[in-house]
Structures are given as structure tokens and as C-alpha cells.
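See below for the structure under consideration.
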Amino acid sequence: DTGVSQDPRHKITKRGQNVTFRCDPISEHNRLYWYRQTLGQGPEFLTYFQNEAQLEKSRLLSDRFSAERPKGSFSTLEIQRTEQGDSAMYLCASSFGQGYEKLFFGSGTQLSVL
Amino acid sequence: GESVGLHLPTLSVQEGDNSIINCAYSNSASDYFIWYKQESGKGPQFIIDIRSNMDKRQGQRVTVLLNKTVKHLSLQIAATQPGDSAVYFCAEFSSGNTPLVFGKGTRLSVIA
């Protein structure tokens with residue numbers, strides 16, 4: 001399967017700890033997106049990259065969140081000093097093109113902050 | 001603010017019947033729409049898309065209708081099967097450089 005891959009699938013952490021998630025997009029895709037989803041809600045945009053450039057961040061994104069895509073391939077999302085409100089499913093998606101393309105999603109990383 | 005929304009949070013249908021899932025959008029600048037299916041524990045899966053220069057598009061057992069006049073989108077699933085049980089989201093792009101915006105979703109339950 002050469003779809004979008006996310007690791008880990010589940011993460012349980014204590015409040016105040018830092019966590020990092022990884023996303024491997026479909027290999028030829030130049031755009032990579034991070035979304036967050038809470039129970040009963042639709043995915044909420046966090047940030048996206050075109051190749052290695054981070055083009056947009058949600059205004060709702062706390063400074064504790066940072067994302068990188070150093071070589072234009074895989075991406076990492078780090079959350080520092082986690083809070084209980086950070087508990088959610090973190091979804092990664094990728095697409096190919098310059099916009100207006102369908103996004104392909106991974107299975108997500110489920111974060112639980114205790 | 002402008003957002004994508006859905007008329008019904010839940011929908012139950014008998015196996016074999018047709019399903020219609022509705023979506024209202026309020027951003028008149030949106031010109032590309034996608035329907036996603038999400039099963040429990042999985043990421044959203046692409047079903048079908050439609051651009052604003054079309055009012056209907058058909059796929060395998062699915063049809064999307066777009067009414068730009070009333071800013072309404074619908075997903076029709078023919079001969080609904082138990083495997084269609086999931087949450088369905090409509091999502092919109094308002095331009096190529098803005099992120100895809102999702103609505104809250106409709107849960108479809110298929111009764112065998």
C-alpha cells in the first residue's frame with residue numbers, strides 16, 4: 001500500500017510532555033496537510049506545505065504546535081507542553097498539484113493527553 | 001463566519017434503499033467540492049468531487065448534485081449497502097491556495 005502513512009497510530013502522554021508525530025505522504029505528492037479532528041466534528045485545518053515550504057498556518061494554531069517538512073517528503077508535527085485540550089485525532093493528507101486537488105488522508109494519530 | 005454545514009447529523013436507511021445526504025455551504029466563492037467517507041478509526045476517504053461549472057457528477061453508485069443558486073450540495077448513494085455505514089463529510093475549496101474546509105458530517109446507518 002503506497003498511501004499516506006502516519007506514525008504512531010496512538011499516543012498517550014501526560015500533560016506537559018512533548019509529542020511528535022510523523023507523516024509520510026504519497027511519494028509523488030508535493031502538498032502535505034495537517035488536520036485535527038475531535039469526536040463528532042469534521043477535520044479542522046492546521047497547516048500545509050508545498051514541497052518544503054510551509055505556506056499557511058491556521059490562526060487557531062497555538063505556538064506550542066510546530067510542523068516541518070525538511071526535504072519536501074515526510075513531515076513531522078510537534079506539540080510542546082501538551083494540554084488536555086490537545087487530545088484529538090491528528091490527520092495528515094497529501095495531494096499533487098497547485099491547488100484544487102483531492103486530498104488523500106492517512107489513518108491518523110490518536111492523541112490522548114492525561 | 002462562513003462555513004460548510006450539514007442539514008442532518010444522522011441518517012438511517014434500509015439496505016437496498018437509496019440514501020441522500022445533504023450539505024449547505026455559505027461561502028459563495030467556493031468552487032470545488034469533495035465528499036469524503038470516514039469509517040471508525042480511519043481517515044477520510046475520497047468518494048467524489050465536483051467543480052462549480054458542473055451541477056451533477058456520477059460515480060459508481062454515487063451521484064453528487066450541486067445547486068449554486070441555493071448553495072446546496074447533495075450526495076446520493078444508490079442501493080445502499082451495510083458497508084456504506086460511515087460518517088460522510090462535504091468539504092469545499094474557495095480557491096487553489098486556501099485549505100479544504102470540512103463540515104461537521106452526517107452519520108449514515110444502514111439497517112440490514
Side-chain angles (χ1 to χ4, degrees), chain A residues 1 3-10 21 23-26 29-50 53-61 67 88-110 112, chain B residues 1-10 21 23-25 27 29-54 57 59 62 64 73 75 86-108:
Chain A
D1 187 340
V4 178
S5 177
Q6 291 190 246
D7 184 71
R9 290 295 313 276
H10 304 276
F21 310 140
C23 172
D24 287 90
I26 294 171
H29 284 187
N30 59 334
R31 287 195 169 192
L32 185 148
Y33 301 79
W34 285 100
Y35 281 78
R36 175 172 61 191
Q37 185 176 29
T38 53
L39 196 62
Q41 302 294 318
E44 174 189 38
F45 170 77
L46 294 179
T47 187
Y48 87 95
F49 295 82
Q50 180 160 306
Q54 189 172 16
L55 295 189
E56 186 170 344
K57 291 176 62 174
S58 169
R59 287 170 289 176
L60 303 176
L61 198 60
M89 173 76 83
Y90 290 84
L91 293 163
C92 177
S94 69
S95 68
F96 178 76
Q98 300 300 316
Y100 288 131
E101 306 88 25
K102 58 180 77 75
L103 273 61
F104 293 88
F105 283 83
S107 292
T109 294
Q110 181 66 52
S112 297
Chain B
E2 295 183 315
S3 63
V4 174
L6 290 166
H7 293 313
L8 297 173
T10 59
I21 301 172
C23 176
Y25 65 96
N27 186 348
S30 293
D31 54 8
Y32 178 42
F33 304 87
I34 306 177
W35 279 100
Y36 283 92
K37 172 186 180 182
Q38 188 173 26
E39 297 173 286
S40 181
K42 297 184 179 180
Q45 176 188 2
F46 171 85
I47 301 173
I48 193 167
D49 58 356
I50 189 167
R51 299 189 188 275
S52 61
N53 61 350
M54 303 173 69
R57 192 164 188 218
V62 294
V64 55
L73 195 68
L75 176 70
V87 177
Y88 289 80
F89 294 97
C90 65
E92 62 180 320
F93 274 113
S94 60
S95 78
N97 291 318
T98 58
L100 192 62
V101 175
F102 284 79
K104 291 185 178 179
T106 292
R107 179 173 297 281
L108 175 65

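Labels below follow one simple rule: chain letters A, B, ... track the order of the sequence lines, proteins then strands, and each chain is numbered from 1. Predicted, not measured: the structure shown is a model, and the values here were computed from it.
- Using the six-membered ring where Trp is involved, A/F105 and B/Y36 have ring planes that are perpendicular, over 60° apart on the 30 and 60° scheme.
- One distance of note links CD of B/E92 with CZ of B/F33; it measures 5.5 Å at 0.5 Å rounding.
- Contact of B/Q45 with chain A is not made at all, since no heavy-atom distance falls under 4.5 Å.
- The candidate with the highest count of non-hydrogen atom pairs below 4.5 Å against chain A, out of B/I34, B/L100, B/V87, is B/L100.
- Atom CG of residue A/L46 and atom CD of residue A/E56 lie 11.5 Å apart, to the nearest 0.5 angstrom.
- Looking at A/L103, the atoms closer than 4.5 Å to chain B (heavy atoms on both sides) sit in the backbone and in the side chain alike.
- Residue contact with chain B, scored on non-hydrogen atoms closer than 4.5 Å, involves the side chain of A/Q37 exclusively.
- Side-chain contact between A/Q6 and A/F21 is absent, with no heavy atoms from C-beta onward closer than 4.5 Å.
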